[in-house]
Asker: 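To start, I am sharing the structure in question, which I have written as structure tokens.
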Amino acid sequence: MIAKIYILIFLLVSGIQAEAQERVIATFRFVAAFGQPGNGQEQFFQPEGLALDAIGNLYVADTGNHRIQKFDAQGRYVVEVGGFGWDPGQFNRPIGVAAGSGLEVYVADSRNNRIQVFDRNLRLLAVVGGKDADGPVEMGNLGGIVVSERDEVYVSDLDLDQMVQIDSYSRVDRSFGGYGYGDGRLRRPLGLAVDTDGATYVCDSENGRVVKFDRFGNFQRELGKEVLSEPAGVCLGPRGTLVVADLGYHRVVVFDLKSGEVAGHIGGPEAGKGPMTFHKPRDVVMGKQGTLYILDSGNSRVQRIQVLVSRK
């Protein structure tokens, strides 16, 4: 009996040690890139947002050109919408773009203080907010945007250093954050991601970290405080990881969500022009089978990288 107890204790201790010693490692392989500076098709000027829909189409917030461009999964141009202005279908520095689980594409039309909603062919469906909006949706200059599986829209408000949650009926459900340095406070929040439980990850850019809130706006944790410099874009990665576009260090960093440790990174700390190097990477989105799309803003291109995450 005593021997069985010792064996059980040994197995439990061994399991705990094995779990504690587990290392998460991310490796990367360059696949392709597309885009160049300019204002024509497949050209960008200061792009800031990237989204991927359920069938693999990419949407780029071509911020400096005040438009959204749509591409297929191979980077071939499909269609665009926009042009500078304040009328429906026009933009004033669109920063964030998000594709929900349905057929809608959401654009954070930053300096028009509104969200515009399009179908996948970039035909206008709705406008939420705006400088002259009546009712509960009042927003400042906007940053990142994301849509949950419950069709809740989260957008970062740069003027008030907060996140705003909007339900499917265009009603402000709650806001959270606010200017500051401590837990649950934000300074210039940019890119956003949301998990299947409705928890949101916010690039708290001027505090050099990513902040996690639960779906009710309660602070849960921070990541990358001593690692990141001006994080701008974020997405969930494979096998329990989080991928961050680290604009200040011109790189992309992968974190293990369980431990909070860095699992790997590419690029940086200086800007570069070659494959898997970056100049002000602004956003990241994860596709199927570990395909990562990186908006390499300073190089006016999108890079497609294959990511493999292993646990040892």
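Keep in mind the model is a prediction, meaning the values are calculated, not measured.
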Asker: Measuring from atom CG of Leu190 to atom CD1 of Ile95, what distance do you get when rounded to the nearest 0.5 angstrom?
Answerer: 7.5 Å
Asker: Do Leu228 and Val244 touch side chain to side chain, with heavy atoms closer than 4.5 Å?
Answerer: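 Answer yes - side chains close enough.
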Asker: Are the side chains of Phe71 and Glu42 in contact, using a 4.5 Å heavy-atom criterion?
Answerer: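 SC-SC contact between Glu42 and Phe71 confirmed.
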Asker: Quick one: do Glu48 and Arg93 make a salt bridge, cutoff under 4.0 Å?
Answerer: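 Looking at Arg93 together with Glu48, the answer is yes, because their closest N to O distance falls below 4.0 Å.
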Asker: I'd like to know if the side chain of Gln306 and the backbone of Gln289 have a donor-acceptor N/O pair within less than 3.5 Å.
Answerer: yes
Asker: With rounding to the nearest 0.5 angstrom, report the OG1 to CG distance, Thr27 to Leu308.
Answerer: 4.0 Å
Asker: Can you name the nearest heavy-atom pair linking Ile68 to Pro94, along with the distance?
Answerer: CD1-CB, 4.3 Å
Asker: List the atom pairs, with distances to 0.1 Å, where a side-chain N or O of residues 232-242 and a protein N or O form a donor-acceptor pair under 3.5 Å, not counting sequence neighbours.
Answerer:
{"residue": "Arg239", "atom": "NH1", "partner": "Val309", "partner atom": "O", "Å": "3.2"}
{"residue": "Thr241", "atom": "OG1", "partner": "Pro238", "partner atom": "O", "Å": "2.7"}

Asker: Mind checking side-chain hydrogen bond (donor to acceptor under 3.5 Å, both in side chains) for Asp204 and listing every partner two or more places apart, or none if nothing turns up?
Answerer: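 Counting only residues at least two positions away or on another chain, Asp204 forms a side-chain hydrogen bond (donor to acceptor under 3.5 Å, both in side chains) with Asn207, Arg209.
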Asker: Distance from Arg311 atom CZ to Asp256 atom CG, nearest 0.5 Å?
Answerer: 4.5 Å
Asker: If we ignore hydrogens and angles and just use 3.5 Å, is the side chain of Asp87 paired with the main-chain N or O of Gln90 as donor and acceptor?
Answerer: no
Asker: Taking the side chain as C-beta and beyond, is there a heavy-atom pair between Ile166 and Met139 under 4.5 Å?
Answerer: yes
Asker: Distance from Phe255 atom CZ to Glu261 atom CD, nearest 0.5 Å?
Answerer: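 One finds 9.0 Å between CZ of Phe255 and CD of Glu261.
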Asker: Sequence neighbours excluded, which residues qualify as side-chain hydrogen bond (donor to acceptor under 3.5 Å, both in side chains) partners of Asn121?
Answerer: none
Asker: Is there a donor-acceptor pair closer than 3.5 Å between any side-chain N or O of Ser205 and the backbone N or O of Pro231?
Answerer: no
Asker: Is the backbone of Asp109 close enough, under 3.5 Å, to the side chain of Asn141 for a donor and an acceptor to pair up by distance?
Answerer: no
Asker: Would a 4.5 Å heavy-atom cut-off, applied to side chains only, mark Phe278 and Ile294 as touching?
Answerer: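 They are in side-chain contact.
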Asker: Applying side-chain hydrogen bond (donor to acceptor under 3.5 Å, both in side chains), can you list everything that pairs with Asp283, at least two apart in sequence or on another chain?
Answerer: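 In terms of side-chain hydrogen bond (donor to acceptor under 3.5 Å, both in side chains), with neighbours along the sequence ignored, Asp283 is linked to no residue.
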Asker: Would you compute the distance between atom CZ of Arg29 and atom CE of Met276 and round it to the nearest 0.5 angstrom?
Answerer: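 The distance works out to 9.5 Å.
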Asker: Who passes ring pair (Phe, Tyr, Trp, His ring centres under 6.0 Å) against Tyr249, sequence neighbours left out?
Answerer: none
Asker: Ignoring hydrogens and geometry, is there a side-chain-to-backbone donor-acceptor pair from Arg221 to Lys212 under 3.5 Å?
Answerer: no
Asker: Is Asn113 close to Trp86 at the side-chain level, that is, under 4.5 Å between some pair of heavy atoms?
Answerer: no
Asker: Would you say Glu222 and Val210 make side-chain contact, with heavy atoms under 4.5 Å?
Answerer: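 Side-chain contact under 4.5 Å: no.
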Asker: For Asp62, does its backbone N or O pair with a side-chain atom of Gln69 as donor and acceptor, under 3.5 Å?
Answerer: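 Such a contact is absent between Gln69 side chain and Asp62 backbone.
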Asker: Given the rule in the side-chain hydrogen bond (donor to acceptor under 3.5 Å, both in side chains) test, do Gln74 and Arg304 qualify, once you have shown the distances and angles that lead to the verdict?
Answerer: CA-CA 9 Å; Gln74 304 306 314; Arg304 181 154 51 106; 3.2 Å; yes
Asker: Side chains of Ile266 and Phe30: does their closest heavy-atom pair fall under 4.5 Å?
Answerer: no
Asker: Suppose we screen for side-chain hydrogen bond (donor to acceptor under 3.5 Å, both in side chains). Which residues come up paired with Asn39, at least two apart in sequence or across chains?
Answerer: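 Testing Asn39 for side-chain hydrogen bond (donor to acceptor under 3.5 Å, both in side chains), a comparison that skips the adjacent residues, returns none.
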Asker: Heavy-atom distance under 4.5 Å between the side chains of Thr200 and Met163, does that happen here?
Answerer: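 Yes, close enough: below the 4.5 Å cut-off.
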Asker: Is the distance between the ring centroids of Phe213 and Phe176 less than 6.0 Å?
Answerer: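 Yes, they do, as the ring centres are separated by less than 6.0 Å.
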Asker: Below 30° counts as parallel, above 60° as perpendicular, anything between as tilted: where do the rings of His250 and His279 land?
Answerer: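 The rings of His250 and His279 sit tilted, inter-plane angle from 30° to 60°.
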Asker: Let me confirm one number: the CG-CG distance from Asp296 to Leu50, rounded to the nearest 0.5 Å.
Answerer: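 So the CG of Asp296 and the CG of Leu50 are separated by 11.5 Å.
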Asker: Salt bridge between Arg185 and Asp161, side-chain N to carboxylate O under 4.0 Å?
Answerer: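 No salt bridge links Arg185 with Asp161.
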Asker: Looking at Thr277 and Lys273, would you say the former's side chain and the latter's main chain have a donor-acceptor pair under 3.5 Å?
Answerer: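 Pair found, side chain donor or acceptor close to backbone of Lys273.
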Asker: So, the side chain of Ser110 versus the backbone of Leu142: is there a donor-acceptor pair under 3.5 Å, distance only?
Answerer: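 At least one qualifying donor-acceptor pair exists.
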Asker: Grouping I, L, V, M, F, W and Y whenever their side-chain heavy atoms are under 4.5 Å apart, do Tyr59 and Phe91 come out in a common cluster?
Answerer: yes
Asker: Does a donor on one side chain sit under 3.5 Å from an acceptor on the other, for Gln220 and Asp214?
Answerer: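 Absent: no donor and acceptor within the cut-off.
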